[in-house]
Amino acid sequence: MREEAGQRLSAAQQHALRMGWFYRSMLRIRRLPLTVRQRLRREWRGLQALWNYLVAEYRQARQDARKRSRAETLAKLEYNRCGRSRTIIPERTTGLGRMAAAALRVRPHREGFF
């Protein structure tokens, strides 16, 4: 009985050594949908995080713009009333706001440069 079990065991080991590549590839194929689903889920979560970041950045830039506009108006009123202004105009806190402000600035035109 033990000899037969030993023979079966050695035959199974030889078969596993010869056909191991096949079983491993079948296991990878079987796990492929799970792997693709996990990858897509990770990508989707990344896109959602990026969207949420952009929305928060946009809202903060709008709030900064409103605060700056109010402060600039108050500074102009104070200047017209008193001849000087001590109102502090807040800085832009978001990269989006700084980029929008840079895009609105007028650049000097150079000769021969379009």
Next item on the list: Examine distances only and state if a side-chain atom of Glu57 and a backbone atom of Gly95 form a donor-acceptor pair shorter than 3.5 Å.
Entry: yes
Item checked: Arg59 side chain reached by Gln63 side chain, heavy atoms, under 4.5 Å -> no
Item checked: Nearest atoms (heavy-atom pairs only) where Arg92 meets Arg98 -> O-NH1, 3.2 Å
Check: Hey, what do you get for OG1 (Thr73) to CD1 (Ile89), rounding to the nearest 0.5 Å?
Finding: 9.0 Å
Notebook entry, point to check: Under 4.0 Å between a Lys/Arg side-chain N and an Asp/Glu carboxylate O for Glu43 and Arg39?
Noted result: yes
Notebook entry, point to check: If you measure only the distance, is there a donor-acceptor pair under 3.5 Å linking the side chains of Gln48 and Asn52?
Noted result: no
Note to self: In this structure, would Leu40 and Leu32 fall into the same cluster of hydrophobic residues linked by side-chain contacts under 4.5 Å?
What the structure shows: yes
Margin query: If you count every heavy atom of other residues, nucleotides or ligands that lies below 6.0 Å from Glu3 atom CD, does the total exceed 12?
Written below: no
Notebook entry, point to check: Between atom NE2 of His15 and atom CZ of Arg8, what is the distance when rounded to the nearest 0.5 Å?
Noted result: 15.5 Å
Check: Which hydrophobic side chains are connected to Leu54, either touching it within the sub-4.5 Å cutoff or through other members that do?
Finding: Leu50, Tyr53
Checklist line | Over all atoms of both residues, closest heavy-atom pair of Arg68 and Pro90 | finding: NH1-O, 2.7 Å
Notebook entry, point to check: What are the two closest heavy atoms between Thr87 and Ala71, and how far apart are they?
Noted result: CG2-O, 3.7 Å
Item checked: Pairwise distance SG(Cys82) to CG(Leu77) - rounded to 0.5 angstrom -> 10.0 Å
Item checked: Sub-4.5 Å side-chain heavy-atom contact between Arg81 and Glu78 -> no
Note to self: A quick test of your reading: do over 12 heavy atoms of other residues, nucleotides or ligands sit less than 6.0 Å from CE of Met26?
What the structure shows: no
Margin query: Within a 6.0 Å radius of atom CG on Leu34, are there more than 12 heavy atoms belonging to other residues, nucleotides or ligands?
Written below: yes
